[in-house]
Each structure stands twice: as structure tokens, then as C-alpha cells.
Amino acid sequence: MSGTPQLTLYNTLTRTKEAFTPLDPSNVRMYVCGPTVYDFAHIGNARPVIVFDLLFRLLRHVYGADHVTYVRNITDVDDKINARALRDFPDLPLNEAIRRVTEKTEAQFLSDVSALGTLPPTVQPRATDNIGEMQTLIAELIRRDHAYNAAGEVLFAVDTMPDYGQLSGRNLEDNLAGARVAVDRHKKNPADFVLWKQSADNEPGWDSPWGRGRPGWHIECSAMSERYLGQTFDIHGGGLDLIFPHHENEIAQSRCAHGTHAMAQVWMHNGFLQVEGQKMSKSLGNFITINDLLQTGAMGGHAWHGEVLRLAMLMTHYREPIDFSLKRLEEAESKLRNWQQAAWGAEISESGQPDASVVKELADDLNFHRASVALDFIAKRANRNEGDAKHCLAATLRFLGFSLDSLLTSDEGWEEPAHIATAIAERLAALNNKDFARADAIRNELAEQGIALMDYKDETGERRTRWEVKR
RNA sequence: GGCCACGUGGCGGAGUGGUGACGCAGCGGAUUGCAAAUCCGUGUACUCCGGUUCAAUUCCGGACGUGGCCUCCA
């Protein structure tokens, strides 16, 4: 950890970039809102997963891999899940139907996300495994007079928190002026939100002091972050849309239940994305899931490697809006391919350290694009065979979550590398005999199999040949 | 109606009060049996209108445009 860079992160709470100082450098704690498991995750969902994975990697680099705890929850209780269960499994008992939906969707999410080159979070808690913790929190909020029971619901009373609205920068009066949704009569203040609601017989529910019911949306994150990270922790992240009401309400719950002045020190939010210049929506027919990109030709007529999707997402700073497009994927693919080509042949070593200039750029509020410029520079040096640039490039690529050969070799080894090596050797022999017709025939033959050959000279000036899978 | 982002060359995309990053594509050259790859070089920009300033793409104000949030959407 010599020369530890100073991290700077943009904090939504203060709307400024701030120097980051962990509460406890021996255990840096980060919570990110994860998926509600009722359907395939779309590419918008992929953005925070990738962005905060990058931050996780950076934190591990700076503070040590064993000194960072990253929690990403899985929301498996939600009315959308209930609806999906009823739709997909109308003949099953509700609990069984729900279990089918959430298990299947969760497995799909984890598989999609690992293809994006993301490390698994330290803990991935499920909401349904933390119902007791949520009830404890709700009971405490009632005891402290921050919550009340009305019309069968337990509600949080926003009037009991003087600085409610700090994160989103909106005050309650402004909010109400143009509210679109009719106000429930039983609420003391229209902005009060549900902590616990009653369940009908055909809805999932848990016994509680307030009757059989289920938790409100926000309480799970308050409960799970406390359980795994404590009452106050370092970083809380998620999409821009979560600032209000979700994160605002999490803060209200946690701080009021614990009597603390902060839930997380730093609140980070990634920007939204559009698809080909339009907002992504099912009605426009441009709704794209991670799995569509990984497995089908939904965009560009063929599947894309998860690392290409990762790079396409990181090419733009995490707080900026992204226009996700075919052109972007193509550019990401060629960029990653160039890096991998430049790193080709580097020895793979687990101990290799990432380039300091790349780390430094990332340390400035995750400026991946500047980091990629530094990486381009290293790649150029590697192509000129300068110093240990090749190994440095390889180590840095791995640090950033990219493999060294994903675009250069076929995933499933559909072609025997040994077979290719033989053909290359034969062609080189033909070339040495000036038998160009034979040499070109071999090259064409391989080209038809999707293998591209590239001749180059090694350090001694001898002609050599490299190959890669081409699209 | 309220609040919040964003608007840079053909495309992607950083950044800065004063010498127009960087990548892709384009163009020129080197290398090559021919290719590909690689290397070297190169053109084009800061939505509009005011203001502050010796000087603004960069600061301030306004307009226009795009997107987001305003009770469960990353």
C-alpha cells in the first residue's frame, strides 16, 4: 500500500466532491441497493452493478482486499413479485409460486452479473431473511415516537424529523404542490411512508405485533445495512432514481431509530441511460436485458462478451447520462481488443500491481475515462516493446475487471489451438520457401474458420505469427 | 407546478479563465511478397443570448433542448 492515493468521491448529500476518509480503515463498509427479483435485469440495472464493482476493486486496492465489506441486497419481497407469481404460476400455492419466481430470477441475475466481470459482494442478503431485523427497527421507531399505527399500517411520521429531505434537497411543502398521486386520508402528513402493511390472505405475510403483514419498501435496506455494516457506515450507492424517496426514507428510518446524525458518510448515485437516443421502455420495444446482450442478437445481430458490455458502460463517467448504442458496443469491443492484443504474451501473475497513474485517475471520483487514456498510453508502450509495459498493462486490465484474452480466443474452444499452431508453422515454412500461394491458401483457410492471422517481427527480428478469433 | 442533472469536433469522451487531451473513424507516411496488426504524422468542437474579465468552452444570469425525480422505477 505504498503511496496510497487519496480517494475523492462525489457526495450527493453535499453535492460536492470530497476527500474520502473511512470511519475505520481496517473495515471500509459499502452498501449498494440490489435488484428486486421479479424479472430479467435490464442494462440499466447493470450500470450500478458495474460502477460499484469498480469502486469495490479500488477500495480493495487502497485499503487491502480483506479490509472492505461490500453488501448488495436482494429484494425478494415486493408486490411486483407477487403479481408476477400470480401471472406465471396461477395453479401453485402463492408461497410456492413466489419462491419459484425469486429463485429463478436471482440465479439469472447472479449469472448475468458475473459475466460482466464483477466480483461477488462480501454479503448478498435477502430481504426475507431479515424480517425479524426489520420488525425490531420498526418497533424502535414506534417507541421513539417516529412511527404510528393507522388503518392497519405502520407509518413513518416525517414531521418528527426536522431535517427530512436533506439528501434530495426538497422540502415537504414544495413536494406536495404538484403531487400526482392522491393522498391517503389516514396519513398524518401526506409524505409519511409505510413501514409495515397488512397482508390479505392471498398476499405473502409474516406475523408481527401489528398483525400479519409485510414490510414497506425502504425498511429492508435500513435493517440489512445495520446488520452487516453497523448503524453508520462509509458509502451507500445506487441509481439516481433512488435518491427520492428510497434513500431519503432509508436515512429517515435509520437515523431516527438509532439517534445518529448520519446513516452513511457518502451517498453515491449513478446516472441513467438511454438506448439509441430514446428512453428505454417496453412500449418502445427497446427494452434490453443484460441477458439479451450476452446471449442473443438483440443488438447488432450477435451476442456480446460481458466484458465488452462492462467497458461500454464504464467509457462514460458514472454520473453522466449514457446513450447506450450499437456503436458504443462496437467501440468498446475494439478498444478492449486493442488492449488485449497489446498485452498478448504477458506473463500472468496474481501479484502484478496495477499502473499507478490508472489508480490515481480512478481515485478521482472514479474517472474511468481518464484511466483508460492512461491505459492507452501503456498499450502504446507495450506495442513498442518498451520496458515492462506489457506486464503492467496485463496487471492493470485484470485490476479493472477485464481478462487478457476474452476477445482473442473463442470461449468454447471450438477450434483446437494445436491445430492452428500446426497450420501457422506450416505457413511460416511455406513463406521461408517463398511459396506465397501455399501460405495464402493456409491463411484463407483459417480465415474461413474465423481465425485471423497477423504477422509481426519479434525482438530478434524474426518473423512470427499471431492469431485471434474474429467476428 | 416544484426539485435535480446534462448539452464539447463525423462518433465516443475528459478537462481547463489565456498554447484546441485522448480513443475510434478519415487522410498522409513507414513497415509488409500481399494483407492484417503495429508505428509515425495530421484536419475539424465547446447549444444560443446577455454579463463579469485584458481574456470564457471554462465564472454569473437567462433562453432553448434532452433526461430524471415528486410514494415503491437502477
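What you see below is based on every heavy atom in this structure, not just the backbone, and it leaves out hydrogens, waters and symmetry mates. Predicted, not measured: the structure shown is a model, and the values here were computed from it. In the text below, chain A, chain B and the rest are named by the order of the sequence lines, each starting its count at 1.
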Using a 3.5 Å distance criterion without hydrogens, assess whether the side chain of E220(A) forms a donor-acceptor pair with backbone atoms of M134(A).
no
Determine the stems involving RNA chain B; a stem requires 3 or more consecutive pairs of the Watson-Crick or G-U wobble kind, each with both distances below 3.5 Å, and the answer is none if no such run exists.
B:1-7 with B:64-70, B:10-12 with B:22-24, B:26-30 with B:38-42, B:47-51 with B:59-63
Would you tell me whether D365(A) and T8(A) have side-chain atoms, one donor and one acceptor, within less than 3.5 Å of each other?
no
Name every residue in residues 39-52 of chain A that has at least one heavy atom under 4.0 Å from any atom of RNA chain B, in order of residue number, or write none if there are no such residues.
H42(A), G44(A), N45(A)
Who are the side chain to side chain donor-acceptor pair (under 3.5 Å) partners of N45(A), not counting sequence neighbours?
H42(A)
Separation of the P atoms in rU58(B) and rU19(B), to the nearest angstrom
13 Å
For rA63(B) and rG2(B), measure between their P atoms and round to the nearest Å.
12 Å
Taking only side-chain N and O atoms of N367(A), does any of them lie within less than 4.0 angstrom of OP1 or OP2 on rG15(B)?
yes
What contact category does L453(A) fall into here, base, sugar-phosphate, or nothing, at under 4.0 angstrom with non-hydrogen atoms?
base
How close or far is atom P of rA36(B) from atom CD1 of I424(A), stated in whole angstroms?
18 Å
Pairs involving residues 104-119 of chain A, ordered by first then second residue, that meet salt bridge (charged side-chain N to carboxylate O under 4.0 Å, His left out) (sequence neighbours left out)
E106(A)-R126(A)
So what does Q274(A) touch, heavy atoms closer than 4.0 Å: a base, only the sugar-phosphate, or nothing?
sugar-phosphate
Run the side chain to side chain donor-acceptor pair (under 3.5 Å) test against T14(A) and tell me which residues pass, sequence neighbours left out.
T16(A), E18(A)
Does NZ or CZ of R310(A) come closer than 6.0 Å to the centre of the six-membered ring of F402(A), within 45° of the ring's axis?
yes
Could you write nucleotides 21-30 of chain B as a row of B, S and -, 5' to 3', where a protein heavy atom under 4.0 Å of any base atom gives B, of only sugar-phosphate atoms gives S, and otherwise -?
BSB-------
Does the ring of Y456(A) carry R466(A) above it, NZ/CZ under 6.0 angstrom from centre and within 45° of its axis?
yes
Can you tell me how far C1' in rC3(B) sits from the matching atom in rG43(B), rounded to whole Å?
44 Å
Can you sort out which residues in residues 105-121 of chain A have a heavy atom within less than 4.0 Å of RNA chain B? Ascending by number, please.
none
Taking T102(A)'s backbone N and O only, do any of them form a donor-acceptor pair with D76(A)'s side chain (distance below 3.5 Å, no angle check)?
no
Suppose we call a contact any N or O donor and acceptor under 3.5 Å apart; does that hold for the side chain of D455(A) and the base of rA35(B)?
yes
Mind checking if E468(A) touches a base, just sugar-phosphate, or nothing, with heavy atoms under 4.0 Å?
nothing
Pairwise C1' distance, rU53(B) and rG61(B) [rounded to whole Å]
16 Å
P-based separation of rA35(B) from rG28(B) [nearest Å]:
14 Å
Determine whether the side chains of E248(A) and S168(A) contain a donor N or O and an acceptor N or O closer than 3.5 Å.
yes
Mind checking ring-ring contact (aromatic ring centres under 6.0 Å, His included) for F399(A) and listing every partner two or more places apart, or none if nothing turns up?
H61(A)
d(CG, L326(A); P, rC11(B)) in whole Å
16 Å
Using a 4.0 Å heavy-atom cut-off across all strands, classify Y456(A) as base, sugar-phosphate, or nothing.
nothing
Mind calculating the distance between CZ (R319(A)) and P (rG13(B)) to the nearest angstrom?
15 Å
Pairwise C1' distance for rC22(B) and rU42(B), with rounding to whole Å
15 Å
side-chain contact (heavy atoms from CB on, under 4.5 Å) with R57(A): which of L400(A), L362(A), L119(A)?
L119(A)
Set of residues satisfying ring-ring contact (aromatic ring centres under 6.0 Å, His included) with respect to F193(A), sequence neighbours excluded:
F156(A), H218(A)
Which of these nucleotides, rG12(B), rG67(B), rA36(B), is closest to any side-chain atom of K279(A)?
rG67(B)
What integer number of Å spans the P atoms of rG17(B) and rA56(B)?
14 Å
Euclidean distance for C1', rC59(B) against rC70(B) (whole angstrom)
31 Å
Scan K434(A) against the nucleic acid and name what it touches under 4.0 Å (heavy atoms): base, sugar-phosphate only, or nothing.
nothing
On the 0 to 90° scale, with breaks at 30° and 60°, tag the Y164(A)-F244(A) ring pair as parallel, tilted or perpendicular.
perpendicular
Would you mind telling me which residue lines up with the more 5' stretch of RNA chain B, A379(A) or S168(A), judged by nearest nucleotide?
S168(A)
Both K197(A) and P321(A) contact RNA chain B. Which one's nearest nucleotide lies toward the 5' end?
P321(A)
Quick one: list whatever passes ring-ring contact (aromatic ring centres under 6.0 Å, His included) with H269(A), sequence neighbours left out.
H247(A)
Return the value, rounded to whole Å, for the distance between atom CG of L167(A) and atom P of rG68(B).
20 Å
The side chain of F244(A) is closest to which nucleotide in this list: rC70(B), rC6(B), rA74(B)?
rC70(B)
Quickly work out the W196(A) CH2 to rC72(B) C1' distance and round it to whole Å.
16 Å
Under 4.0 Å from OP1 or OP2 of rC40(B): is there any side-chain N or O of R384(A) that close?
yes
Whole angstroms only, please: what is the CG-P distance between L242(A) and rC72(B)?
13 Å
Looking at every strand, decide which applies to T316(A) at a 4.0 Å heavy-atom threshold: base, sugar-phosphate, or nothing.
sugar-phosphate
Going by side chain to side chain donor-acceptor pair (under 3.5 Å), name the residues that satisfy it together with E331(A), two or more places apart in sequence or in a different chain.
none
Interatomic distance where NE2 belongs to H317(A) and P belongs to rG12(B) [whole Å]:
18 Å
Atom pair distance, as rounded to whole Å: CG in N383(A) and C1' in rA37(B):
9 Å
Near RNA chain B, which residues from residues 435-445 of chain A have a heavy atom under 4.0 Å away?
F436(A), D440(A), R443(A)
Give a yes/no answer on whether the side chain of N270(A) brings an N or O atom under 4.0 Å of OP1 or OP2 in rA74(B).
no
